[in-house]
A.B. asks: 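Below is the structure I would like to discuss, written out as structure tokens.
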Amino acid sequence: PAAQAATRGRALLVEDNLVNLGVVQRVLERFGIASVVAYNGREALEQLASQDVDLVFMDCQMPVKDGYEATGEIRAMEKQNIIRHIPVIAMTANAMEGDREKCLTAGMDDYLAKPVKFNEIVIVVRKALVKRRLVYENKKYQEDLEQANFRFQLLHQLSLKINSVYLTTTELDKVLH
């Protein structure tokens, strides 16, 4: 199981309620996803500074630093290229109209209302990891495309130089003969 967890991914669980924390951990373990825990937003930022994770489950209402503020700081770290983009999934007991939009506006990628359900966790994990893989593959494709374009430009410039030298040599032959 430990080797399987290492190959499937790693999640940061930011939750101050041990029952909610245990539910999400058990679901992730069933899918071979290892988890690390933070009990508030400040601890979450410390964890992200010291280790790489594939997604974050973020409680919105916590002491010290709430999930909204922590997510804002995570997004700021991404913009500064301190960390790569990490999907943040909100977990909140607030299941009222407008709460989902508030989470998405704060920079979270998805939303789970508590109490979280097994099938809902599965859906958001799959969606987040597929999206993350596609983003990575798109970046890799863009890098490959830029490298190919650079090589094309280099070959084009070399071709112009070769033609220039050839024409100059041809014109010189005409003058000499």
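Side chains are part of it too, since the values below use all heavy atoms of this structure and drop only hydrogens, waters and symmetry mates. Since we're looking at a predicted model, the values are computed, not measured.
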A.B. asks: With distance as the sole test, does E73 use its side chain to make a donor-acceptor pair with the main-chain N or O of L45 at under 3.5 Å?
C.D. replies: no

A.B. asks: For A113 versus E120, what's the shortest heavy-atom pair and its separation?
C.D. replies: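 That would be O-OE1, 4.4 Å.
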
A.B. asks: May I ask you to test the I86-L48 pair for a side-chain heavy-atom distance under 4.5 Å?
C.D. replies: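 With C-beta onward as the side chain, the pair touches.
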
A.B. asks: Ignoring hydrogens, what is the shortest heavy-atom contact between A44 and A38? Give both atom names and the distance.
C.D. replies: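 In terms of heavy atoms, the two residues are closest at N-CB, 3.5 Å.
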
A.B. asks: Going through the checks in order, is the side-chain contact (heavy atoms from CB on, under 4.5 Å) test met by M58 and T92?
C.D. replies: CA-CA 8 Å; M58 181 75 72; T92 183; over 6 Å; no

A.B. asks: If only side-chain N and O atoms count, and only distance matters, is there a donor-acceptor pair under 3.5 Å linking Q47 with Q51?
C.D. replies: yes

A.B. asks: Taking the side chain as C-beta and beyond, is there a heavy-atom pair between V56 and V14 under 4.5 Å?
C.D. replies: yes

A.B. asks: Which heavy-atom pair separates A106 from T71 by the least distance, and what is that distance?
C.D. replies: O-CG2, 3.5 Å

A.B. asks: Check H85 against D109 and note the closest heavy-atom contact, atom names and distance.
C.D. replies: NE2-OD1, 3.5 Å

A.B. asks: V27 and side chain to side chain contact (heavy atoms under 4.5 Å, CB included): which single residue from I33, I121, V125 fits?
C.D. replies: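 Only one option passes, and that is I121.
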
A.B. asks: Are the side chains of E43 and K65 in touch, meaning some heavy atoms are under 4.5 Å apart?
C.D. replies: no

A.B. asks: Quick one: pull up CD1 in I123 and CD1 in I89 and give me the separation to the nearest 0.5 Å.
C.D. replies: 11.5 Å

A.B. asks: Please identify each residue that fulfils salt bridge (charged side-chain N to carboxylate O under 4.0 Å, His left out) with E46, with sequence neighbours left out.
C.D. replies: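 With sequence neighbours excluded, E46 shows a salt bridge (charged side-chain N to carboxylate O under 4.0 Å, His left out) to R42, given in chain and number order.
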
A.B. asks: If we only count heavy atoms from C-beta on, is the P87 to M108 side-chain gap below 4.5 Å?
C.D. replies: no

A.B. asks: Let's go through E29 and R26 carefully: what are the C-alpha distance in whole Å and the side-chain angles of both, what is the deciding distance for salt bridge (Lys or Arg N to Asp or Glu O under 4.0 Å) to 0.1 Å, and is it a yes or a no?
C.D. replies: CA-CA 5 Å; E29 285 171 5; R26 282 191 298 280; over 6 Å; no

A.B. asks: What is the distance from atom CE of M77 to atom NZ of K79, rounded to the nearest 0.5 Å?
C.D. replies: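 The distance works out to 13.5 Å.
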
A.B. asks: Any salt bridge between D52 and R10, counting N to O under 4.0 Å?
C.D. replies: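 Answer for the salt bridge query: no.
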
A.B. asks: Do I74 and I83 have side-chain heavy atoms sitting under 4.5 Å apart?
C.D. replies: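 In contact.
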
A.B. asks: Just wondering, do K102 and Y68 contact through their side chains at under 4.5 Å, heavy atoms?
C.D. replies: yes

A.B. asks: If only atom types and distance count, is the side chain of R75 paired as donor or acceptor with the main-chain N or O of G107 below 3.5 Å?
C.D. replies: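 At least one qualifying donor-acceptor pair exists.
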
A.B. asks: Quick check: is L18 connected to L112 through a chain of hydrophobic side chains (ILVMFWY, heavy atoms under 4.5 Å apart)?
C.D. replies: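 As far as the 4.5 Å side-chain criterion goes, L18 and L112 are connected within one cluster.
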
A.B. asks: At their closest point, which heavy atom of Y39 faces which heavy atom of E15, and how far apart are they?
C.D. replies: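 Heavy-atom minimum between the residues: CD2-O, 3.4 Å.
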
A.B. asks: Got a second to check how far L28's CG is from S35's OG, nearest 0.5 Å?
C.D. replies: 6.0 Å

A.B. asks: Side chains of L13 and V36, heavy atoms from C-beta outward: is any pair under 4.5 Å?
C.D. replies: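 They are not in side-chain contact.
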
A.B. asks: Which value, rounded to the nearest 0.5 Å, describes the distance between F57 atom CZ and L12 atom CG?
C.D. replies: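 It is 10.5 Å, given to the nearest 0.5 Å.
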
A.B. asks: Please report the shortest heavy-atom distance between M62 and G67, naming the atom on each side.
C.D. replies: CE-N, 3.7 Å

